[in-house]
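Here the structure is laid out as structure tokens; the discussion comes afterwards.
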There are 2 protein chains.
Amino acid sequence: MSDTIKVLLAEDQSMVREALAALLGLEPDIEVVAQVARGDEVLAAVREHDVDVALLDIEMPGKTGIEAAAEVRRARPGLKLVILTTFGRPGYLRSAMESGADAFLVKDAPAAQLAEAVRKVLAGERVIDPTLAAAALADGANPLTDRERDVLRAAADGSTNAELAGKLHLSQGTVRNYLSTAIQKLAVRNRAEAVRIAREKGWL
Amino acid sequence: MSDTIKVLLAEDQSMVREALAALLGLEPDIEVVAQVARGDEVLAAVREHDVDVALLDIEMPGKTGIEAAAEVRRARPGLKLVILTTFGRPGYLRSAMESGADAFLVKDAPAAQLAEAVRKVLAGERVIDPTLAAAALADGANPLTDRERDVLRAAADGSTNAELAGKLHLSQGTVRNYLSTAIQKLAVRNRAEAVRIAREKGWL
DNA sequence: GTGCGGCCATGACATCTGTCACCCCATAGT
DNA sequence: ACTATGGGGTGACAGATGTCATGGCCGCAC
């Protein structure tokens with residue numbers, strides 16, 4: 001620990017990542033000491049650079065920011081974790097918190113909240129959008145079982161039952177049963193809507 | 001026209017927008033004179049502020065960056081237009097060019113290209129990713145008719161034929177015919193795949 | 001003015017999808 | 001021992017979906 005806050009930035013879109021670095025660079029007490037573009041590079045980077053706070057995007061190649069957060073939390077329990085994402089999906093917030101994140105920010109929040117969140121988590125606070133927190137609580141937990149999620153995820157690209165059965169090593173009937181139960185749990189009328197709703201909630 | 005290049009920034013996610021502004025602010029010859037968060041606010045902003053270059057995101061509420069570009073091109077033909085987008089979809093590039101854009105950048109390009117592109121368009125150059133240009137040419141033009149696109153777009157959320165027929169004031173048979181021709185043109189096997197492919201190409 | 005293409009529609013058909021009832025098996029909880 | 005719960009499966013059925021042939025209407029190009 002020194003006088004400036006050392007930040008790691010993980011975000012796959014270079015332009016956004018470097019722009020965020022420029023933004024944080026304007027803050028006198030914050031220093032971006034490392035940048036990575038992939039989720040699976042986060043752990044190595046926090047080991048190499050002496051980092052106080054890791055800022056993680058969720059959608060990244062290699063590993064999601066949430067998975068990376070869980071990894072870092074195990075390896076460096078003291079390090080603060082801020083999830084920064086495009087999509088304010090209730091399910092994302094839930095799993096981010098379960099993986100040990102200290103803050104959850106959406107990218108359409110004012111830019112000032114970013115530096116503010118970095119300082120707050122370092123002071124031991126948690127930073128969560130209250131509206132999103134309410135939505136996450138109202139939605140309840142993910143009602144889908146592991147297999148239902150697998151099938152739904154695989155069905156997302158428009159595969160037929162036969163293809164799904166092949167990919168997942170199941171019979172066509174089983175695939176249809178899983179999709180049917182998922183459709184009922186999500187209270188929709190077909191697989192396409194089920195995929196859409198599950199995505200929106202962050203359950204996929 | 002003065003000694004610094006005056007830039008308008010249109011991007012709906014505040015954090016990204018302000019971060020990009022910070023990034024451009026580091027360049028001594030560039031000045032961000034206006035920021036908007038919606039596509040339908042672009043025209044008013046270029047009228048109010050004396051802008052040299054407009055930087056437009058595509059996905060925005062109100063109006064897409066491409067639609068906004070066409071508007072601005074008509075109202076202020078001399079103003080340079082840079083499209084900045086998350087998705088390097090060939091169809092996007094094509095329609096951006098048709099709407100009169102001078103540059104097309106994807107957000108996962110290096111940040112240095114942003115300021116560079118701003119200077120280049122002002123010097124009369126066009127800036128286009130060569131790989132993406134090749135993909136756009138290889139894909140050819142959008143093969144879908146207006147109605148096929150309408151139906152496909154409406155079908156994207158998982159609506160049934162009956163619902164589509166109601167929304168579009170068509171008979172169910174007609175809806176099915178349009179979907180069928182779209183499916184054939186895109187060389188896929190069902191509506192879900194058709195929606196996915198059309199989205200990827202930027203044809204929706 | 002004779003095509004051609006886009007738009008709208010119908011009816012018939014085969015296949016795909018979603019539902020339901022029912023089955024087996026394993027594991028975890030009471 | 002009993003009972004959920006989840007995973008995996010079957011067969012039957014109704015309804016949704018995709019295809020095809022065919023027709024009419026309109027506007028535009030040659």
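We name chains A, B, ... by the order of the sequence lines, and we start the count at 1 in each one.
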For [X] and [N], is the shortest distance between a side-chain N/O and OP1 or OP2 below 4.0 Å?
X	N	answer
Tyr178(A)	dG8(D)	yes
Thr174(B)	dA9(C)	yes
Arg176(A)	dT19(C)	no
Asn161(A)	dT17(C)	yes
Gln184(A)	dC20(C)	yes
Thr160(B)	dA16(D)	no
Arg147(A)	dG8(D)	yes

Could you state the atom-to-atom distance from [atom1] of [X] to [atom2] of [N] in whole Å?
X	N	atom1	atom2	answer
Leu179(B)	dC16(C)	CG	P	18 Å
Glu193(B)	dT17(D)	CD	C1'	14 Å
Gln172(A)	dA12(D)	CD	C1'	15 Å
Asn177(B)	dA21(D)	CG	P	12 Å
Glu163(A)	dC16(C)	CD	P	11 Å
Leu152(B)	dC7(C)	CG	P	14 Å
Ile183(B)	dT17(D)	CD1	P	11 Å
Leu144(B)	dC7(C)	CG	P	11 Å

Any side-chain heavy-atom pair of Asn161(B) and Arg191(B) under 4.5 Å
yes
Side chains of Leu79(A) and Leu8(A) in contact at under 4.5 Å (non-hydrogen atoms)
no
Using a cut-off of 4.0 Å on non-hydrogen atoms, how would the nucleic acid contact of Thr145(B) be classed: base, sugar-phosphate, or nothing?
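Sugar-phosphate, backbone atoms only, no base.
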Taking dG9(D), dT17(D), dT10(C) as options, the one with an atom nearest any side-chain atom of Ser171(B) is dT10(C)
The residue, Gly173(B) or Asn190(B), whose nearest nucleotide of DNA chain C is more 5′ is Gly173(B)
Out of Glu148(B), Arg149(B), Lys201(B), which one pairs with Asn142(B) under the side-chain contact (heavy atoms from CB on, under 4.5 Å) rule?
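When side-chain contact (heavy atoms from CB on, under 4.5 Å) is applied between Asn142(B) and each of Glu148(B), Arg149(B), Lys201(B), only Arg149(B) qualifies.
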Using the side-chain contact (heavy atoms from CB on, under 4.5 Å) definition, which of the options Leu164(A), Leu168(A), Val175(A) pairs with Ser159(A)?
Leu164(A)
Rounded distance [0.5 Å steps], CD in Glu193(A) versus CD in Glu200(A):
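Reported to 0.5 Å precision, the distance equals 10.0 Å.
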